[in-house]
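Comments concern the structure below.
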Number of protein chains: 2
Amino acid sequence: MIKRTLNDYISVDCVIFGYNGQELQVLLVDRTLTDEKTGKSEFTDLTLTGNHIYEDETIEQAAYRVLFDLTGLKNVFLDQFKTFAHPERLKKDNDRKWLIHDGRDPNKRIVSIGYFALLATQSITLEWKGRNVKWVPVSEVGELAFDHNQILNEALIALRNKIKQEPIGFELLPEKFSLTQLQNIYEVILSTELDKRNFRKKIARMKYLIPTDEKQTGVAHKPARLYVFSRDVYEKTKKELFDFTV
Amino acid sequence: MIKRTLNDYISVDCVIFGYNGQELQVLLVDRTLTDEKTGKSEFTDLTLTGNHIYEDETIEQAAYRVLFDLTGLKNVFLDQFKTFAHPERLKKDNDRKWLIHDGRDPNKRIVSIGYFALLATQSITLEWKGRNVKWVPVSEVGELAFDHNQILNEALIALRNKIKQEPIGFELLPEKFSLTQLQNIYEVILSTELDKRNFRKKIARMKYLIPTDEKQTGVAHKPARLYVFSRDVYEKTKKELFDFTV
DNA sequence: CCAAAAGTGTTCAGCGTACACCCATGT
DNA sequence: ACATGGGTGTACGCTGAACACTTTTGG
């Protein structure tokens with residue numbers, strides 16, 4: 001194993017979205033600053049997941065690395081959506097204390113490249129860099145560390161735009177899923193209600209969403225048919241269209 | 001005037017698009033490395049416009065600054081589209097020589113945030129940082145310095161996506177423009193041909209493209225009516241729609 | 001009067017939208 | 001048997017796409 005050097009001014013932040021069957025969630029980690037003498041905690045709050053990059057990796061690899069460390073998964077949907085470098089982005093009191101405690105220079109201008117990821121599984125490491133990791137419904141996210149509220153907001157905007165353009169909803173679901181689950185994903189992300197019949201007519205036109213012979217089991221109602229996404233078919237049917245809507 | 005410090009690892013690159021009535025163009029600057037002893041030029045090629053950021057400005061301000069230096073304009077359409085930080089992005093021989101000649105560290109990992117801009121005017125400074133500036137049709141761009149071909153490609157992709165979503169075509173045209181000019185913009189950027197009647201029906205639905213009483217003058221055919229874009233009307237009629245097309 | 005681009009309408013097919021009832025399963 | 005969510009069809013209006021001729025100007 002070669003010793004790798006961390007770059008101290010380029011970082012990636014990953015906004016990791018998940019779905020619990022009800023709500024859109026985001027993965028956050030606790031940040032507790034403990035006074036080393038008294039052992040008392042000075043403050044506790046939450047951050048997005050992220051890390052500085054290694055000098056020998058691309059920013060995309062760094063983002064995948066963060067995801068892998070948290071989930072053990074390699075094939076996760078990932079999208080670079082925006083970059084953050086405001087001069088004051090790490091200058092709040094708590095942020096400066098945290099950086100100093102962490103042995104980093106609080107005056108160094110740090111650029112962070114924002115990625116958002118869609119995770120089909122709810123199972124994650126409970127601990128990451130010694131910090132607790134947890135899912136939080138997007139609607140219940142409070143004040144975050146650094147500029148992470150802004151990053152989360154931009155990620156949500158990017159996610160909404162993306163899901164209107166490309167079929168990525170299923171990335172938040174198990175390999176086999178019901179159409180009602182998929183519809184819920186769209187409703188939750190776009191904050192709309194959709195008509196069941198119209199939604200299903202639309203799906204029927206998308207040849208890359210393929211019905212299987214399997215059905216739900218153990219539900220106290222008519223079991224739903226399960227569908228799979230075919231990337232093959234999708235890549236073939238994909239074509240650009242002229243819109244300039246709005 | 002306060003002395004401002006340039007950050008030596010965060011830069012912005014601006015892909016500045018223009019339209020000459022025929023083709024989509026991009027603004028490029030000459031890069032000639034001259035051997036200081038012999039006075040002979042070692043190589044000449046072209047780069048995008050860009051610059052490192054000042055420690056006291058945001059990346060967006062830095063991009064606007066580059067644009068202002070080149071054009072004297074402040075209200076230019078600008079969009080942050082992607083960030084580039086590949087470890088090898090400045091490591092080609094000529095690039096290393098150039099950086100060394102420029103007094104910069106060729107081994108420093110430099111992150112560049114890519115912006116694309118749309119310019120309605122063809123008039124630009126002819127010289128910028130002592131280098132020649134010129135418009136080049138996108139279709140005739142050869143091999144560029146650094147990773148600038150890649151940046152230009154991503155900018156084109158972003159431009160095509162954007163123009164399908166939002167009415168930005170007129171940003172490449174004078175304040176008053178004809179519908180044929182506008183149609184040409186779309187055809188050139190999207191590499192399609194559009195039907196004149198269908199295009200105009202679509203425009204008619206967009207209340208923010210407003211016909212004036214003025215007409216073209218000095219043309220050897222029926223003069224076209226001129227239109228203006230109303231940002232007011234646009235902001236009011238803007239609303240999201242559910243698409244997930246493709 | 002000729003060349004050049006402006007401007008205009010209709011038809012057809014596909015899609016978005018609104019809307020209500022029966023079906024299969026577990027308890 | 002009943003509660004729960006699954007699954008289906010029709011009618012209307014709008015939009016995209018295909019397509020040809022007349023009008024206005026300068027030269």
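Keep in mind it's a predicted model, so treat the numbers as computed, not measured. Naming convention: chains lettered A, B, ... in sequence-line order (proteins, then strands); numbering from 1 in each chain.
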Quick note, B:Thr180 side chain, CB onward, closest among C:dA6, C:dG7, D:dG26 is C:dA6

Could you check how far CD of B:Glu214 sits from C1' of D:dT25, rounded to whole Å? 18 Å

Does one side chain, of B:Gln183 or B:Glu187, offer a donor that lies under 3.5 Å from an acceptor on the other? yes

For the pair A:Arg231 and A:Glu166, find out whether any cationic side-chain nitrogen is under 4.0 Å from an anionic carboxylate oxygen. no

Would you kindly give the CD-to-P distance between B:Gln183 and D:dG16, to the nearest whole Å? 14 Å

B:Thr47 and B:Arg131: side-chain donor and acceptor closer than 3.5 Å? yes

Taking atom P of D:dG16 as reference, at what distance in whole Å does atom CZ of B:Arg200 sit? 17 Å

Audit row: B:Phe229, B:Tyr208, ring-ring contact (aromatic ring centres under 6.0 Å, His included) steps and yes/no: CA-CA 6 Å; B:Phe229 173 81; B:Tyr208 45 83; 5.7 Å; yes

Distance only, no hydrogens: is a donor on one side chain within 3.5 Å (strictly under) of an acceptor on the other, for A:Thr180 and A:Ser178? no

Would you call B:Asp79-A:Lys82 a salt bridge at under 4.0 Å N-O? no

For B:Arg205, report the nucleic acid contact type (base, sugar-phosphate, nothing); a contact means any heavy atom under 4.0 Å. sugar-phosphate

What integer distance in Å separates B:Gln181:CD from C:dG7:P? 11 Å

5' precedence on DNA chain C between B:Leu179 and A:Lys215 (nearest-nucleotide basis): B:Leu179

Take the protein atom CD of A:Glu193 and the nucleotide atom P of C:dT17, then report the distance between them rounded to whole Å. 14 Å

Whole-Å distance separating the CD atom of B:Gln216 from the P atom of C:dA5: 11 Å

Between A:Leu226 and B:Val219, which residue's closest nucleotide on DNA chain D lies nearer the 5′ terminus? A:Leu226

Nearest-angstrom distance from the residue atom NE2 of B:His221 to C1' of D:dT25: 8 Å

Any protein N or O atoms within reach of nucleotides 19-23 of chain C? Criterion: under 3.5 Å, listing atom names and distances.
unit_1	atom_1	unit_2	atom_2	d
C:dC19	N3	A:Arg197	NH2	3.4
C:dC19	N4	A:Asp195	OD2	3.3
C:dC19	N4	A:Arg197	NE	3.4
C:dA20	N1	A:Arg197	NH1	3.2

Taking the six-membered ring of B:Phe146, is NZ or CZ of B:Arg31 closer than 6.0 Å to its centre and within 45° of its axis? yes

Tell me: CZ of A:Phe177 to P of D:dG6, nearest whole Å? 14 Å

